[in-house]
Amino acid sequence: MAIQRRRRSYHTRFRLLIPAIALISGLILLSVLLFFSFLAPSPSHNRHLHRSLIDTRGDVDARKLVEFRVPDYVNVSGRNIWRSKMSEFYYGCSTASDKFAKADVVTRTNRYLLIATSGGLNQQRTGITDAVVAARILNATLVVPTLDQKSFWKDSSNFSQIFNVDRFISHLAKDVKIIRELPKRRGRTWAPYTMRVPRKCSDRCYISRVLPNILKKRAVRLTKFDYRLANKLDSDLQKLRCRVNYHALHFTDPIIEMGKQLVNRMRMKGKHYIALHLRFEPDMLAFSGCYYGGGDKERKELGKIRRRWKTLHNINPDKGRRQGKCPLTPEEVGLMLRALGYDKDVHIYVASGEVYRGEESLAPLKALFPNCYSKDTIASERELEPFAGFSSRMAALDYIVCDESNVFVTNNNGNMAKMLAGRRRYFGHKPTIRPNAKKLSRLFMNRNNMTWDEFSFEVRKHQQGFMGEPKEVRPGRGQFHENPSACICEDSVAKAKAELKLGIFGTGNSTTNMHVSGSVDVQNHPSEQEQEWSDQEEEEDDDMSDFQTISQLNGTSSDYDGGSSEEPELEELLSD
């Protein structure tokens, strides 16, 4: 019994001891925490410490915790971001060969070709260029093309109000006979036979489909004439395309004069300027099916526009972005340019229609580049009055400013981007940046997990082959208007001298291996670059170019490039 009483007493004392120990331990722990809290640095000091870890490139694990921060200025020592180093060895060449007979020799009497163009300014420009070549193939007299006045754009301008018609006729006199209007037949106006040719119709296609009707009817009108001529043609026909587009087809004097004023005002603001064709309009985003983080409101707004194209299928926005089919946001375009070496004080001319969500979308771009302008901000309402209300004339002003820019940036491959890219290649390979959206999209989504130096390095690497450099794309790939390879010649003598000079001074680098625009300090395997570029290009030929033609079917497009205005054409184009 005595033993049992001692055991109960022991257990009682033990139960009382446990809470006492816990209380004492808790007090000690609390005292320690208060002591270290008093000694610890403030949160602002912690943030400063984190930033210093990036600047000193210290602990790798600590760097991953730091915010993604864009510097105001970037060291581009040894790199020329405003000019291609290889451009001096290539030049535009479009002179006809000795085998290309004069127009007065090959043109047949009583053969007339009339063309009805389609879409906005740049889409019509492709039609006008190809119309001259089609007339040459048919040995026919070309009547000055008529412009699209009935589609979404509803621009009432005729050919002579946008283009210098006298220059157009006289400059091409040796190649194709061109007249202003169809002559009367037996004293009366006569109606030509109307037909349509398929897209990318070859010279044989024109001979088999159109020539029999011209021989029978004497005059044929081809409607919806955009991208109706094949990319690959005989070399002399390709050079004729270039003579039309780059030498014969000039804007009227009032458009050129106003365009020059806008260019001069941009140049007065700084030594260089960038022109950005933003392409962030509501209908563009709706057609792409992409999502930009605007929640249910965005899905509802863009979904409503997208439903107007009844033949479009639902797509996975995330998949589309990974495949590079989504236009970059204004902020992403700005980040790309900063990563390529363009500092905060660079002046940017923005050519765009109505930007989705307006200033809200543009604000991040303007934070990266405060000096952003448009024709509406550098010209008065009175100066623009003669052009206002005419979409093609307003587009022509942007075309001139973009063409004269030191660097042109396109945020997707529409008609204006293609026409300007080809023109800039022809006239000296001025830098033309086309975002490699497929690769860049992954970087943008993951940028908060890397430092700025890591991000900018990857951007420069991925943009190699997308900067408008000579021989960036294998001849014959993509649209001819974007890549007029048959009209680009190489100055082999100058190139050989430069390579010899490099060899003498022991640099060990060939001019053919120079960095892209002096802004890329790493190189991908050429075959991989070309394959990626050409695959993306072929997809966009079928998708994005078609968008240019169909985007205004329901009266929604605000871009400068439109197309046909009939629903059956939509189904035809999407099935190509």
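Computed over heavy atoms, backbone and side chain alike; hydrogens, waters and symmetry mates excluded. Predicted model, so just to flag it, every value in this text is computed and none were measured.
A 4.5 Å side-chain heavy-atom check between S441 and C326 finds every atom pair outside the cut-off.
The cationic atom of R125 (NZ for Lys, CZ for Arg) lies less than 6.0 Å from the six-membered ring centre of F251 and within 45° of the ring axis. Geometrically, R136 engages F100 in a cation-pi contact defined by less than 6.0 Å to the ring centre and at most 45° from the axis. By the 6.0 Å and 45° rule, R299 stacks over the aromatic ring of Y291.
Residue pairs meeting the side-chain hydrogen bond (donor to acceptor under 3.5 Å, both in side chains) criterion with at least one partner in residues 251-263, sequence neighbours excluded, are Q261-R265.
Between R434 and T410, the side chains place no donor N or O within less than 3.5 Å of an acceptor N or O (distance only, hydrogens not considered).
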With a cut-off of 3.5 Å and sequence neighbours excluded, list every side-chain donor-acceptor pair involving residues 177-195.
unit_1 : atom_1 : unit_2 : atom_2 : d
R180   : NH2    : D166   : OD1    : 2.3
W190   : NE1    : P183   : O      : 2.6

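Between R321 and E332 there is a salt bridge, since at least one side-chain N of the basic residue sits less than 4.0 Å from a carboxylate O of the acidic one.
Between E469 and R425, the shortest heavy-atom distance links the atoms O-NE, 4.5 Å. Scanning all heavy atoms of the two residues, the minimum distance from F280 to L328 falls at CD1-O, 3.6 Å.
Relative orientation of the Y426 and H247 rings is perpendicular, given thresholds of 30° and 60° on the angle between their planes.
Within a 6.0 Å sphere centred on CZ of R209, other residues, nucleotides and ligands contribute 12 heavy atoms or fewer.
D234 meets the salt bridge (charged side-chain N to carboxylate O under 4.0 Å, His left out) test with no other residue; sequence neighbours excluded.
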